[in-house]
There are 4 protein chains.
Amino acid sequence: MGSDPPPKMWGGRFAGRLDSAIDRFTRSLPFDRRLARWDLIGSLAHARMLAETGTIPRADAEAILRGLSEMLRDLESGVLAAEGPDEDVHSWIERVLHERIGPAAGRLHTARSRNDQTATALRLYVRDALERVIAQACELIDVWVRQAVAHTETWMPGYTHLQRAQPVSLAHHLLAHAWSLASDVGRLRAVHAAAGTSPLGAGALAGTPHPIEPHRTAQLLGLPAVFANSMHAVADRDYVAEAIFACALLMVHLSRWAEEVVLWSTPEFGFVALDDTVAKGSSLMPQKKNPEAAELIRGKAGRVIGDLASLLAMLKGLALAYNSDLQEDKELLFDALDTASGALAAATVTARGVVYRTDRMRDALRGGFLTATDLADYLVRKGVAFRTAHERVGALVREAESRGCELWELPLPVMQGIAAEIEADVHDVLSPEGSVRARLAHGGPAPQRVAEQVVQLRGELAAARAWLSACTPPPIYRLHEEGRLLGQT
Amino acid sequence: MGSDPPPKMWGGRFAGRLDSAIDRFTRSLPFDRRLARWDLIGSLAHARMLAETGTIPRADAEAILRGLSEMLRDLESGVLAAEGPDEDVHSWIERVLHERIGPAAGRLHTARSRNDQTATALRLYVRDALERVIAQACELIDVWVRQAVAHTETWMPGYTHLQRAQPVSLAHHLLAHAWSLASDVGRLRAVHAAAGTSPLGAGALAGTPHPIEPHRTAQLLGLPAVFANSMHAVADRDYVAEAIFACALLMVHLSRWAEEVVLWSTPEFGFVALDDTVAKGSSLMPQKKNPEAAELIRGKAGRVIGDLASLLAMLKGLALAYNSDLQEDKELLFDALDTASGALAAATVTARGVVYRTDRMRDALRGGFLTATDLADYLVRKGVAFRTAHERVGALVREAESRGCELWELPLPVMQGIAAEIEADVHDVLSPEGSVRARLAHGGPAPQRVAEQVVQLRGELAAARAWLSACTPPPIYRLHEEGRLLGQT
Amino acid sequence: MGSDPPPKMWGGRFAGRLDSAIDRFTRSLPFDRRLARWDLIGSLAHARMLAETGTIPRADAEAILRGLSEMLRDLESGVLAAEGPDEDVHSWIERVLHERIGPAAGRLHTARSRNDQTATALRLYVRDALERVIAQACELIDVWVRQAVAHTETWMPGYTHLQRAQPVSLAHHLLAHAWSLASDVGRLRAVHAAAGTSPLGAGALAGTPHPIEPHRTAQLLGLPAVFANSMHAVADRDYVAEAIFACALLMVHLSRWAEEVVLWSTPEFGFVALDDTVAKGSSLMPQKKNPEAAELIRGKAGRVIGDLASLLAMLKGLALAYNSDLQEDKELLFDALDTASGALAAATVTARGVVYRTDRMRDALRGGFLTATDLADYLVRKGVAFRTAHERVGALVREAESRGCELWELPLPVMQGIAAEIEADVHDVLSPEGSVRARLAHGGPAPQRVAEQVVQLRGELAAARAWLSACTPPPIYRLHEEGRLLGQT
Amino acid sequence: MGSDPPPKMWGGRFAGRLDSAIDRFTRSLPFDRRLARWDLIGSLAHARMLAETGTIPRADAEAILRGLSEMLRDLESGVLAAEGPDEDVHSWIERVLHERIGPAAGRLHTARSRNDQTATALRLYVRDALERVIAQACELIDVWVRQAVAHTETWMPGYTHLQRAQPVSLAHHLLAHAWSLASDVGRLRAVHAAAGTSPLGAGALAGTPHPIEPHRTAQLLGLPAVFANSMHAVADRDYVAEAIFACALLMVHLSRWAEEVVLWSTPEFGFVALDDTVAKGSSLMPQKKNPEAAELIRGKAGRVIGDLASLLAMLKGLALAYNSDLQEDKELLFDALDTASGALAAATVTARGVVYRTDRMRDALRGGFLTATDLADYLVRKGVAFRTAHERVGALVREAESRGCELWELPLPVMQGIAAEIEADVHDVLSPEGSVRARLAHGGPAPQRVAEQVVQLRGELAAARAWLSACTPPPIYRLHEEGRLLGQT
């Protein structure tokens, strides 16, 4: 608290010393230290390009590359940590490099600014983090798909308005969640692509007079595209907004499933039992077994919604190009990605730890007149207009309700008194199982249709995983690993 | 307030009458009436498919198609309005159809529910609205690109932290905004594609036993894809979230430009004058000329950020499949799309009504030591390490500041006293114009590079406009216009 | 679309005509017309003060007061509507007044600006709307309190983590919601007070050289305080933020109760049945009876959360004093207040339309080992440390679970085998009813304690209603009604 | 990752071990460790009350009190840290206490649950944190008031729409911000009061059969009120929502001032210079001096807006009583309070480090026709209706603009040609200084009125500081400090 802030990368024109409260308030090292690895990789690419283009002397470039490479190795091995009094991770890198290789370190910042540097590291970070989230999402889809395969003929009520609506299969229900998550995978991949534009070379906002080659650094970093406009490059945070939005929507999807885990594990529903490995207890009430992970997943959806609101409110009304407000992007982004990742891990374990109580599901098919719609559809096939059929069945439901019986327990004459078209074959359509099997149209719950969904989802999973395995570390990182930073690629 | 709610589509099982306060609170006709056109189009496709598959009698289908087609015509001509005591637009359509064609109308709702019906209409609406927003965004990009072409050599300060940073051109600055908007166009097109999955045929949540053909209705509606899972189809609002997010980010982009219009039209900046056609006055202060449209664009960015937070908070934790909470999606979506569209229109007019005061921009290049970085880069070329060069120039800035002069007005010996490498040729790099022209690297402000950006953006514009002209009305709509609803397609 | 915008209140210095797209985008009459009544009342107070201070001639003041009074009467009777081509409600008033009384109307705007005028009308509006919302909240609390009185001895499970936790009474549960709403009433009253500062007299931002008396206008408007700083007066929107926040938190509270209505009306819980007057049906499924109002209340909580995010994001970073962004405050405020009011009305009707199924609640006390905590507390009274007691009862629960029996059905020797301190008197603490009755500590569910809560809440209700009846129309409004606008007060 | 989670407070009924991913996801110790001090204080009060009521044996109570007191001392001295494998801070306390005093520790959790325990600690934490934030806000108000006193006659333009509007004084402008912050102090104090209701004794949700005395623990904790309903007590998070809202609005206020610091320190405005102690530089551009703290304050307003949206979205739709979602309240609350505190500290230092350039303010009074309104008011005093006066002055502005001169430089005959009522005395009203001095009405910028504001604000400051010094540590804490935990109070 009392000690003076350390020298900065920009001291030249300043006579006075930065106030320590301001220093504390504006420092980003406590959180941007997470970018250390990626900032080193970005710096390696930058330094190599500077050497290749002759912008800095070959010998200095070699020293820089060797120094950065050692820092990267030490960081990954845990020997080195991004800590210290520095204001940000960029200053930390330059300071440590200077301590290690001396004055040559002063040439690394040629033709770049922290504005393009930080955006580069952040884009590399996002892409890496997204790959992990995508892999986790695939894992969860996989769990659901496997459970669906096992439960294609496990009948249960489908709900609308949380009221029993029509019989479906557990498989169909689980796959509805899987489809949501499959669309998340698509969105996350789109963000990965959007983040793949290298801003390196944009400088503070206005490029550089040095003969740099932004396409070369992009290539070394494995980024498929290069910024088009240097001011846009340092001011743009669309990829951050898109990443947080994709995480927020993913969390919303998980929250809908989590809500069902909570509901289904109540004694009232009783559709699932939670394995001891995924439930928690109460400090006061000895009998409690609580679905805490599911509750937290649901709660944390709120958290990421707020991250998104924060980011957009922060960006609103900022004049071009770079402003310090943008420094706030990182914690929001980290929080959204961490939360999505943690929630996917917890959801996957929870999904595996759920025991489906198919007897309770079957019991729930009684009560609720779940095949009333089938009865209306039966009347339609007998030539009754749907609207009329709907009214007649409504009356039959009232009749059954007042008698306290199921629709199929109504005597035929009573039924015919309300809907004359009803014949003895009506009972074929009133069984829940028959009801599901009959709904054969595309996308429906009949087992054949569900089998098609499984095939389709497995195809999507396979494609996503193939894409993931094609995601490789940046070329410059491989050169670093192979000790070939100084030679030809 | 006092009158009874009208009969509903679902009265059959109910003995009591809906309370009028509940009716008022839950009715959606006051806002979903906007979907009337699209719900009629969706109904046409549904009815035709029902006829083609023999699900309803041919004669009834003909009556329904004729009735719906006339309703659509009357609605478009203004003869008919979606008004009345009905609870939603779907009930309104069925009621009016019944009044026009009698009992055959009762067959239209065969094999569908309001759950898939409303999602179908909303998806058609979103795609149509997005096309208009995309066209408007292209228009604004076009304005900026044209102005950029005229101002490739209009020099001005580029800002970071709202402090003068380095000289750029007005063209480069305007194109930075254009690139943001170009990415919006990409995002909006992605949402258009995502919204292109037909949910029609999903029923309430669980499909139907009737022999319907969801691919056929999708084809008639011009929707490229068909839902995979009936429960997902009615519960999914990803396309709404994506559309609102795309609008929110677009508004954030516009707010950044609007902030600059406000700033630049102050007497302090004075970089633009607002034409009388785009400024407003004060009721009290006779001299005022206010950039109100720009301010409102900025303010309305906050509005759409909130729309997004609303939608995500609403979706959070909803058990499958359909819940009435989802009814809240519409007003939020309409508000986001309307706001984006209105803001784009106002921004385009304002952008055209801005008069650039290039003299004031030129004046602003004095003061602020805008070529200090060029001087550091000059020293780098003389062999000084960048970090050292940065410090030396910092000291030179302090020197010039204390003398109250520009960097180029410092006597050579004074400069050399601080940085011995400086020679007489230093003055070549200290002029703002020279500075911009020298920053020739990719994506930089030099006129050649800006010309490349213009070519690239024009290519993107042309592609977007080609895509827009390939967006045609749904095939069923053409059949309706051509009076061929009942024949072969 | 094509027609020219009408003359404005600020045309003098403008040569050109406002663009029609800008006019459409920036007009507020379509929504601020709601303020017409309050803006007229504010204008009456302003005009009277101008007359009293001699700022405008007596004869003109009389004409103005008469004209405004007639406009107010016509507006309230429906003869006059705030419609037209005017840009806002303030311009509309001045235009209509001019049409009615001629040039004297031109003196009304002396010593005021639309900036203080609009803030005045909005504050009057907010206070009035808050009074209605508070009255509605009292109504709902009243319903819950009455039901609580009837259900003090209706036992049911209390839930944590949506798992059955301990027995409580329905009364205790309902009162928990009532307490949340009672705190909303407190918050809404605090906002009412905060909004009671008159900004009239602040002018555009900087007061006026005329000898006005802001305390006099405040008195005439029934506002207890007067602005302290003219710039703050026109820039401040804290009362709007506070009102929307209070509505958002109220909606969150309602959403928690609404969630329970949805849950409890499932066949799985079955704790309530919805009267036909408060449930809705399905267009497809004839048997459905859906708690749509409750669902919508829940969904609309998301809406108001977004209104709050919008408002705060809009306010963020606005330089002093007035900016057009502030125009966005109105629709957000109206939406929050309308939503809260509509939701309270619907909640009150729904709460009245709920039939409690006390048999189902009683049944739910079996299963779930709800008195396990009582057993642990019993052991504590026998001298066992709580942590040990908790573990022992946990083991007893496992034993009972594996036997498929209730705790009280375990043979005494089996119980003693796990917890030796257990004696025959254990059965006294294992009954749900005994459990509730025993929890006699302050704030607990025992009937005596619940009776105290009822007394306390009724006290709060009485106080709130007394406060409401002390809320009277502004003095100037009474003068208007009594036709004494021109005489002494 | 690999190691097993430690034993929990609730292991009894569980046969299986919690999955380590679930453990990681649901643990709160990493962040609720902040509550350790307050949870110990709450535990001290609880233990003492248990002893006083004879609920636990005196000897055990003494051991517990001694043990907790030592833990508190060790925690405050830094000897002890709330770290370990425990799932939350409550488990940590019980484990460490057990390690220190043995089995007696098992009696501490008698008659309480983590649900009431965590709410108690959080309320104590919030009140303490609010006191610090209030003190900081007072400090900043103080700085502004002092600067205002020094600048009562420093004239500058007042702005609306960021256009020069009318002359004001710097004092008046600064005090506008001070009034916003003064209202924050009021709001923060109201939250402090709202958080002062003790939930201790509510148990998990349903109270306890033990003879506890919640009013006694409240008294020992210095909390003025006691919960009314045990279910409400554990489910309620209104005080968290209110605290975050108060922080969000405070941040919005700071962001408006920060925006002006950014604007005013541009060379274009130049109204302030930043001392070197409060500005930062650029890593690339040697001349830059950036108002980074102000920018970050502005940006962080977005952050807290999102915290609020997160919290409300999390709370929405939670059934009673406690749910794990509520665990998310802490990080959001901590973030909002930390951000507000950090921003106030940075703002205070920045406000002190700002050098007002009164010459530049004075220069800015030329250009912009800032006394046009005075001229209109002059005409009003000459008998012209305001609307007419406004139009005439508008025409005079156009005339002056076309001549490129100030209003006061227009020849009298020219003025009279447009407004015949103008006489030679017009020049008295056209000087900026005269204009400010003439605006003498209440709340206006005239020095006498500003002096009144200063008196009023100083009164509010004194009251707030008196209140702060009356905020004392909880009585139980004093007993702990005085080593009198076991005797009489």
Side-chain angles (χ1 to χ4, degrees), chain B residues 157 159-166 262-263 265-271 280-292 294-295 302 305-306 309 312-314 316-318 325 364 367-373 375-377 386-387 389-398 400-401 407, chain D residues 157 159-166 262-263 265-271 279-292 294-295 302 305-306 309 312-314 316-318 325 364 367-373 375-376 386-387 389-398 400-401 407:
Chain B
Y159 292 79
T160 60
H161 308 267
L162 212 58
Q163 295 290 322
R164 293 176 189 165
Q166 292 185 271
V262 171
L263 275 179
S265 61
T266 60
E268 289 76 11
F269 276 82
F271 291 175
K280 297 180 78 168
S282 158
S283 67
L284 176 65
M285 297 172 290
Q287 89 284 11
K288 288 298 293 297
K289 197 168 167 183
N290 298 325
E292 293 195 18
E295 295 168 77
I305 292 170
L312 293 172
M314 178 274 279
K316 192 203 123 215
L318 290 186
D325 315 55
F369 311 106
L370 286 157
T371 51
T373 308
L375 183 50
D377 285 328
F386 179 76
R387 188 53 59 217
H390 185 281
E391 282 163 27
R392 300 268 167 80
V393 178
L396 285 164
V397 165
R398 276 168 67 190
E401 205 166 38
L407 280 175
Chain D
Y159 292 79
T160 59
H161 308 268
L162 212 59
Q163 295 289 322
R164 293 178 188 163
Q166 292 184 273
V262 172
L263 274 178
S265 60
T266 58
E268 288 75 11
F269 277 81
F271 291 175
K280 296 179 80 169
S282 158
S283 68
L284 176 64
M285 298 172 290
Q287 90 284 9
K288 287 300 291 298
K289 196 167 167 184
N290 298 324
E292 291 195 19
E295 295 167 77
I305 293 169
L312 293 172
M314 178 274 278
K316 193 202 123 215
L318 289 187
D325 315 53
F369 310 106
L370 286 157
T371 51
T373 309
L375 183 50
F386 179 76
R387 188 53 60 218
H390 185 282
E391 284 164 23
R392 298 267 168 81
V393 179
L396 284 164
V397 165
R398 277 168 66 190
E401 203 166 40
L407 279 176

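Only this structure's heavy atoms are used, side chains among them; waters, hydrogens and symmetry mates stay out.
Within the 4.5 angstrom heavy-atom criterion, only side-chain atoms of B/A376, from C-beta onward, approach chain D. Residue contact with chain D, scored on non-hydrogen atoms closer than 4.5 Å, involves the backbone and the side chain of B/K316 alike. With a threshold of 4.5 angstrom between heavy atoms, B/R387 approaches chain D through side-chain atoms but not through N, CA, C or O.
The residue among D/G394, D/G306, D/A400, D/S283 with the most heavy atom pairs within less than 4.5 Å of chain B is D/S283. Highest contact tally toward chain D, considering only B/G281, B/S282, B/A389, B/A294, is held by B/S282 [criterion: heavy-atom pairs under 4.5 Å]. Between chain D and the residues B/P157, B/G270, B/A165, the largest count of heavy-atom pairs under 4.5 Å involves B/A165. Note: D/L284 leads D/L284, D/V397, D/T371 in heavy-atom pairs under 4.5 Å with chain B. Of the listed residues D/V262, D/I305, D/N290, the one with more heavy-atom pairs under 4.5 angstrom with chain B than any other is D/N290. Your options are D/Q166, D/H390, D/M314, and the one with the most heavy-atom pairs under 4.5 Å with chain B is D/H390.
For the pair B/K288 (side chain) and D/T160 (backbone), a donor-acceptor distance under 3.5 Å is present.
Atom CE of D/M285 and atom CG of B/L370 lie 9.5 Å apart (nearest 0.5 Å). Here the CZ atom belonging to B/F271 is positioned 5.0 Å from the CD atom belonging to D/E268, to the nearest 0.5 angstrom.
Remark: B/S265 pairs with B/V272, B/L274, B/P291, D/Q163 by the side-chain contact (heavy atoms from CB on, under 4.5 Å) rule, at least two apart or across chains. Remark: D/K289 engages D/D276 in a salt bridge (charged side-chain N to carboxylate O under 4.0 Å, His left out) (not counting sequence neighbours).
Just one residue in the list D/L396, D/L407, D/L375, D/V393 forms a side-chain contact (heavy atoms from CB on, under 4.5 Å) with B/P286, and that residue is D/V393.
Side-chain contact check for D/T373 versus B/Q287: some heavy-atom pair is nearer than 4.5 Å.
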